Protein chains: 2
Amino acid sequence: MSDTASRPTLEAVAARAGVSRATVSRVVNGSDGVREPLAERVRQAVEELGYVPNQAARSLVTRRHDAVAVVIAEPEARVFADPFFALQLRGISQELTAHDSQLVLLLTEGRGDHTRVGRYLAGGHVDGALVFSLHLDDPLPGLIRRAGVPTVFGGRPGWSDDADGIVYVDSDNRGGAREAVRHLVGLGRTRVAHISGPLDQTSAADRLDGYRDVMADADPRLVAESDFTHAGGERAMRELLDRCPDLDAVFAANDLTASGALRVLRERGLRVPEDVAVAGFDDMLPVAEQTEPPLTTVRQDIEEMGRLMARLLLRGLDRRGPGPRTGGQDAPDGPDGPSGIVLPTTLVRRASA
Amino acid sequence: MSDTASRPTLEAVAARAGVSRATVSRVVNGSDGVREPLAERVRQAVEELGYVPNQAARSLVTRRHDAVAVVIAEPEARVFADPFFALQLRGISQELTAHDSQLVLLLTEGRGDHTRVGRYLAGGHVDGALVFSLHLDDPLPGLIRRAGVPTVFGGRPGWSDDADGIVYVDSDNRGGAREAVRHLVGLGRTRVAHISGPLDQTSAADRLDGYRDVMADADPRLVAESDFTHAGGERAMRELLDRCPDLDAVFAANDLTASGALRVLRERGLRVPEDVAVAGFDDMLPVAEQTEPPLTTVRQDIEEMGRLMARLLLRGLDRRGPGPRTGGQDAPDGPDGPSGIVLPTTLVRRASA
DNA sequence: GTGAAAGCGCTAACAC
DNA sequence: GTGTTAGCGCTTTCAC
């Protein structure tokens, strides 16, 4: 109802304030070196005209975008049943906001999408990328490397070759798993089973390793691979009970899986924790606190993981500054081998074990 | 490791192909009118150089951004416990992707963020916006209106004045609620309680209205306001049982709330559905299928809602085309009153009622 | 059909 | 300190 045409430009503000475009630009960008009486006049003109800088024009010259891509490469529906994803986004969003950066969300479903994402990243729309949920055979890392976009990975990437300069943030999956299994063993359990996640993801593989660290020579039939979902947890639990009716504890790779296991145990008339003790991983509150009984689980601070990833990326970006790509390793942290930050986990005891 | 400097420009491609920049631009943008031998040469040069257009430069002249903002204004943690949010994003993402548009996610936490979002939208970074989770007193609609950005709202907005040209997509909350309550009544229940959502959201208010449509002269103590969370559902259920120990059915405003109610009922030794029948709303599978017993609930197709919103917005954008703002109502659907699309709901019967 | 040239709105040297 | 100027990479008239 108000403006008839396009938004005011720097030029307009300059005219109104009776100064040059450069001066307005300086004031708007907070660069000091504009004397007070003038600066105030400019600020006023900006206010009166409702001036907002045109980001496209600015990006064109600065080569900065104040935007970061978040790539979630999860073809399975899993992401959408698990609050995991939302929590990470929240952490990331908080950090980016504090840094005046925008969050561009790239969700991929299936292989075709990868080239789209690759093209987008290569297109120089964003200053950096945060990438999640990689599977071992994922083509994305290659595309990203070629795109030359500074990137921080969520979770330890699964490939080892060509990993120089890769930066990632992960939870101590192995250590956390070890702690959970030790806790079960400490309860006097000897037939501890494990329902793993999809083993082409490092988080799942690492948790399995943690389990094995403690149960070194356990019956291999005590391990069932699953997929981090509730339904998958049910399936795996049935399998395990059929194979090993004498199991007395289960360590599930995440809380959703654990909740599936709980349901099957109840179905079969087994009491938790009396007959079978159960532990999960994540401490996803809406899941872990609401199972019957509430779940003993390994807490990881998902939101903090998100924040940390963003912080790491932004720090790297600030260091290298804008301007043309430097070529070579474009990880924000320099070319000295893969550098990962591993966040600690803590065991949360509830009624299930 | 490959490129030493910045990415190739149109100029570079033109040089390589031995044509002018204009011609390359035409080929790249699929505008016909370039003869075949030439066009092919250009395509080859593009390929060889790995040319990707610079979006900032393009936007500067076209005033299109091929990006849409998704604003989720939910200060409460609720969004992060409920898969709702993820599902909508997925629907939106699919549709935007198909339209070669990017998704810029704007999460707000608390009031301070609103001005940030307003500024961003006003900044002309995006072609349009999809806005969710508005509460009655939300300042965002005003900001958006002033920003003049084409917008589609998710859920019926709560204000009525100045609502011309507003476009929204909603579920048939009232009708769905009515159906659920009728179902409970059809089961022979006479003391049907309702746990509502926060009544400053139209979805909650509409579901309450639907309940009242059927239970016109029910005891007002059979209604408790809650907040769409599991914990809130527990609290409200306790309240209701204390007030009306003789209730024989509960219609909860969403599945999460219903799951809280179920837990309290179990706690109190009441059998579901024998003593108390329970119905929810949403049909959020990870919740509704995993409660004990599984939940009878009203299904709404969240993902489709997201897709529809995106489609509506993009259609509007295509119609009005790029270029400077037209002024006045900037809703994509013309200035003829608020136009809403209301999606149907369906009752899903499971064991709880 | 194709090329030349004029900006889109902004920042960053460089003068003054 | 402040203004002048030259582009950033692209699209788009307008000639040819």
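The shown structure was predicted, so the numbers you read here are calculated from the model rather than taken from an experiment. Within every chain, numbering begins at 1; the chains are lettered A, B, ... in the order of the sequence lines, protein sequences first and strands thereafter.
- Computed from coordinates, the B/Asn29 CG to D/dG9 C1' distance equals 13 Å when rounded to whole Å.
- One atom, NE2 of A/His125, and another, C1' of D/dG9, lie 13 Å apart when rounded to the nearest Å.
- Between the axis at the start and the axis at the end of the helix from C/dG1-D/dC16 to C/dC16-D/dG1 there is an angle of 40°, using five pairs per end and rounding to 10 degrees.
- A/Asp170 meets the salt bridge (charged side-chain N to carboxylate O under 4.0 Å, His left out) test with no other residue; sequence neighbours excluded.
- You'll find that the side chain of A/Leu60 is closest to D/dC8, out of C/dT2, D/dT2, D/dC8.
- Remark on DNA chain D: of its neighbouring residues B/Tyr51 and B/Arg26, the 5'-side contact belongs to B/Tyr51, judged by nearest-heavy-atom nucleotide.
- The phosphate of D/dT11 (OP1 or OP2) has a side-chain N or O of B/Arg58 nearer than 4.0 angstrom.
- For residues 96-107 of chain A, no residue pair satisfies the salt bridge (charged side-chain N to carboxylate O under 4.0 Å, His left out) rule, not counting sequence neighbours.
- Between A/Asn54 atom CG and C/dC10 atom P the separation is 6 Å, expressed in whole Å.
- Electrostatic pairing of A/Arg311 and A/Glu95 counts as a salt bridge here, judged by a charged N lying under 4.0 Å from a carboxylate O.
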Name every donor-acceptor pair, under 3.5 Å, that has one atom in a side chain of residues 13-23 of chain B and the other anywhere in the protein, sequence neighbours excluded.
{"residue": "B/Arg16", "atom": "NE", "partner": "B/Glu48", "partner atom": "OE1", "Å": "2.5"}
{"residue": "B/Arg16", "atom": "NH2", "partner": "B/Glu48", "partner atom": "OE1", "Å": "2.9"}
{"residue": "B/Ser20", "atom": "OG", "partner": "B/Ala22", "partner atom": "N", "Å": "3.4"}
{"residue": "B/Ser20", "atom": "OG", "partner": "B/Thr23", "partner atom": "N", "Å": "3.3"}
{"residue": "B/Ser20", "atom": "OG", "partner": "B/Thr23", "partner atom": "OG1", "Å": "3.3"}

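- Using a 4.0 Å cutoff on non-hydrogen atoms, the parts of residues 9-24 of chain B near DNA chain D are B/Thr9, B/Leu10, B/Arg21, B/Ala22, ordered by number.
- Atom pair A/His65:NE2 and C/dT11:P shows a separation of 14 Å (rounding to whole Å applied).
- Straight-line distance from the CZ atom of B/Arg35 to the P atom of C/dG3: 12 Å, rounded to whole Å.
- A salt bridge does not link B/Glu109 with B/Arg116: none of the charged nitrogens is closer than 4.0 Å to a carboxylate oxygen.
- Residues passing the side-chain contact (heavy atoms from CB on, under 4.5 Å) test with B/Arg35, sequence neighbours excluded: B/Pro37.
- Not counting sequence neighbours, B/Glu47 has no partner by the salt bridge (charged side-chain N to carboxylate O under 4.0 Å, His left out) test.
- At whole-Å resolution of the value, CZ in A/Arg64 and P in C/dA12 are 11 Å apart.
- Residue-to-nucleotide contacts include no donor-acceptor pair under 3.5 Å from the side chain of B/Arg7 to the base of D/dG9.
- Scanning for side-chain contact (heavy atoms from CB on, under 4.5 Å) contacts around A/Ser101 gives A/Asp66, A/Val68, A/Leu96, A/Leu314, with sequence neighbours left out.
- Distance, A/Arg63 CZ to D/dC8 P: 8 Å, rounded to whole Å.
- Here B/Ser59 pairs with A/Ala56, B/Gln55, B/His65 under the side-chain contact (heavy atoms from CB on, under 4.5 Å) rule; sequence neighbours left out.
- Side-chain atoms of B/Ala57 lie closest to D/dG9 of the nucleotides D/dT2, D/dG9, D/dC8.
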